[in-house]
Amino acid sequence: MEGEICVSSQVVLEVGQWQGSGAVTAGRLRSGAAWLAELVPHGQRYTVALDSGVGNSRGGVRNAEVLERHLQAVREALAEIPPDDLTVTIGGDCGVDLAPVEAALSAFGDRLALVWFDAHADLNSAESSPSGAFHGMVLRALVGDGPEGLRPVRSLSADRVVLAGARSLDPAEQDLVHGRGIRHLSVEQLTGPGPLLAAVRATGAEAVYVHIDLDVLDPQVFPAVGTPEPGGLGVEDLIGAVRALTEEFTLAGIALTEYERTEDTGQEEAVLRRLVDGLFGSEQR
């Protein structure tokens with residue numbers, strides 16, 4: 001189907017990290033990542049070995065030592081993936097996407113834009129973060145202001161970032177969006193592809209990396225996340241937005257994150273099956 005992501009050379013990278021989340025239910029991210037990684041069609045699947053417990057905090061970041069080890073493990077896993085393959089990263093908390101975006105930036109350089117579908121901006125610093133959870137800092141790290149040990153090798157220019165569907169921003173994040181020229185599209189602006197495509201075109205990019213935190217969806221549609229925010233996207237709007245991007249731009253990578261699998265899986269599985277079928281097609285499974 002037109003706009004679906006090609007799966008002929010697609011690798012799924014499962015990173016069930018939960019230590020970067022600030023949610024009390026974060027442990028559910030491990031089973032969420034495992035289930036979702038199995039659902040997404042793939043040629044090969046890599047599961048990154050991770051620490052199971054918490055670690056020491058440092059510099060205002062909870063579990064910093066564990067997260068640093070995980071970052072290195074994800075980098076090593078990415079190094080094993082052939083450069084022409086498309087990597088689909090399955091989290092885990094949003095912090096798992098630091099190394100995959102870093103790898104895409106290494107491949108595409110200034111031709112890359114990053115579209116960040118998320119209810120939150122993830123633009124706090126260690127100093128401004130109210131929780132100390134790295135999943136709320138990872139985008140700030142990617143644009144060059146990350147905590148020691150959790151920084152990309154090369155940072156992304158802030159004017160090549162498009163926030164999509166973010167509706168809960170802390171004051172420091174709002175200041176950074178305005179001060180650094182980060183494009184920000186509301187949920188209402190994502191009901192059709194025009195504003196999103198215009199925002200990415202304005203970056204001058206030829207390729208796009210797509211980050212999806214599932215809390216970008218409305219919690220009435222998909223409640224199985226740690227930090228739900230009302231007023232989110234519908235599933236079809238999210239599928240349509242990503243398809244529009246992949247029709248016009250080279251897809252440099254994509255991530256699906258923050259699925260907290262619960263015991264009442266009926267609604268959440270139905271939504272995720274529709275999302276995966278809409279993005280990747282069902283005929284491969």
Side-chain angles (χ1 to χ4, degrees), residues 15-30 50-51 53-72 74 89 91-102 114-153 155-158 161-184 211-216 219 225-232 255 257-260:
V15 192
Q17 173 179 286
W18 60 272
Q19 294 92 335
S21 172
V24 296
T25 51
R28 295 175 179 172
L29 291 168
R30 292 173 291 187
L50 303 173
D51 291 6
V54 297
N56 293 331
S57 300
R58 186 176 61 249
V61 181
R62 291 164 52 182
N63 303 317
E65 291 185 355
V66 168
L67 296 175
E68 289 170 19
R69 289 196 293 271
H70 289 180
L71 175 58
Q72 185 57 34
V74 176
T89 302
D93 65 67
C94 288
V96 306
D97 222 9
L98 195 153
V101 175
E102 174 188 79
L114 173 59
V115 177
W116 199 263
F117 288 97
D118 200 313
H120 311 89
D122 298 348
L123 284 169
N124 271 304
S125 65
E127 293 74 27
S128 70
S129 171
S131 67
F134 183 66
H135 74 165
M137 309 178 200
V138 60
L139 185 53
R140 185 156 185 157
L142 284 165
V143 298
D145 188 18
E148 183 179 357
L150 293 168
R151 298 169 181 163
V153 173
S155 59
L156 182 72
S157 176
V161 174
V162 178
L163 281 178
R167 52 199 184 274
S168 178
L169 280 72
D170 293 320
E173 295 179 306
Q174 294 174 352
D175 291 344
L176 192 72
V177 168
H178 296 307
R180 299 281 296 275
I182 295 174
R183 294 171 174 85
H184 180 198
H211 169 93
I212 300 173
D213 179 335
L214 290 164
D215 71 13
V216 77
V225 295
T227 50
E229 297 290 344
T257 68
E258 299 281 356
Y259 172 34
E260 291 195 3

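Being a predicted model, the structure only gives us computed values, none of them experimental. Below, all heavy atoms of this structure are taken into account, side chains as well, without hydrogens, waters or symmetry copies.
- Proximity of a side-chain donor or acceptor of D215 to a complementary backbone N or O of P228 within less than 3.5 Å is not detected.
- Scanning for salt bridge (Lys or Arg N to Asp or Glu O under 4.0 Å) contacts around E229 gives an empty result, with sequence neighbours left out.
- Here the closest non-hydrogen pair linking A99 and L71 is CB-CD1, 3.8 Å.
- Minimum interatomic distance between R140 and A172 (heavy atoms only, all atoms of both residues): NH1-O, 4.4 Å.
- Residues forming a side chain to side chain donor-acceptor pair (under 3.5 Å) with Q17 (at least two apart in sequence, or on another chain): H70, D93.
- Between D145 atom CG and M137 atom CE the span is 11.0 Å, to the nearest 0.5 Å.
- Between L98 and P152, the closest side-chain pair of non-hydrogen atoms falls below 4.5 Å.
- To the nearest 0.5 Å, atoms CG (D170) and CG (L176) are separated by 12.0 Å.
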When you look at D122 and H135, which way does the side-chain contact (heavy atoms from CB on, under 4.5 Å) test go after all the steps? CA-CA 7 Å; D122 298 348; H135 74 165; 5.7 Å; no
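- Around CD of Q174, the count of heavy atoms belonging to other residues, nucleotides or ligands within 6.0 Å exceeds 12.
- Counting heavy atoms from C-beta outward, L123 and L163 have side chains that approach closer than 4.5 Å.
- In this structure the side chain of V66 never reaches within 4.5 angstrom of the side chain of V54, judged on heavy atoms.
- Across all non-hydrogen atoms, the minimal contact from P100 to T89 is CG-OG1, 3.4 Å.
- Side chains of L139 and C94 form no contact here, defined as non-hydrogen atoms less than 4.5 Å apart.
- Annotation for A166 and L169: closest pair CB-CD1, 3.8 Å, computed over non-hydrogen atoms.
- With sequence neighbours left out, the side chain to side chain donor-acceptor pair (under 3.5 Å) criterion links S155 to no other residue.
- Proximity of D97 to H211: side-chain heavy atoms (C-beta onward) are separated by under 4.5 Å at one or more points.
- In this structure, W18 has no ring-ring contact (aromatic ring centres under 6.0 Å, His included) partners at least two apart in sequence or on a different chain.
- At least one donor-acceptor pair under 3.5 Å links the side chain of R151 to the backbone N or O of G146.
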Full working for side-chain contact (heavy atoms from CB on, under 4.5 Å) between L29 and E260: CA-CA 5 Å; L29 291 168; E260 291 195 3; 3.6 Å; yes
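- Rounded to the nearest 0.5 Å, atoms CG (N56) and CG (L67) are 11.5 Å apart.
- Nearest heavy-atom pair across R167 and V216 is NH1-O, 3.3 Å.
- Applying the salt bridge (Lys or Arg N to Asp or Glu O under 4.0 Å) test to R69 and every residue at least two apart in sequence or in another chain returns D51.
- Atom CZ of R28 sits about 13.5 Å away from atom CD of E258, to the nearest 0.5 Å.
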Run the side-chain contact (heavy atoms from CB on, under 4.5 Å) check on V161 and L156 step by step: do they pass? CA-CA 8 Å; V161 174; L156 182 72; 3.6 Å; yes
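- Taking all atoms of both residues into account, the shortest heavy-atom contact from A141 to L150 is CB-O, 3.6 Å.
- Interatomic distance, OG1 of T257 versus CG of L214, reported as 6.0 Å (0.5 Å rounding).
- Looking at residues two or more places apart in sequence or on another chain, you find no ring-ring contact (aromatic ring centres under 6.0 Å, His included) involving H120.
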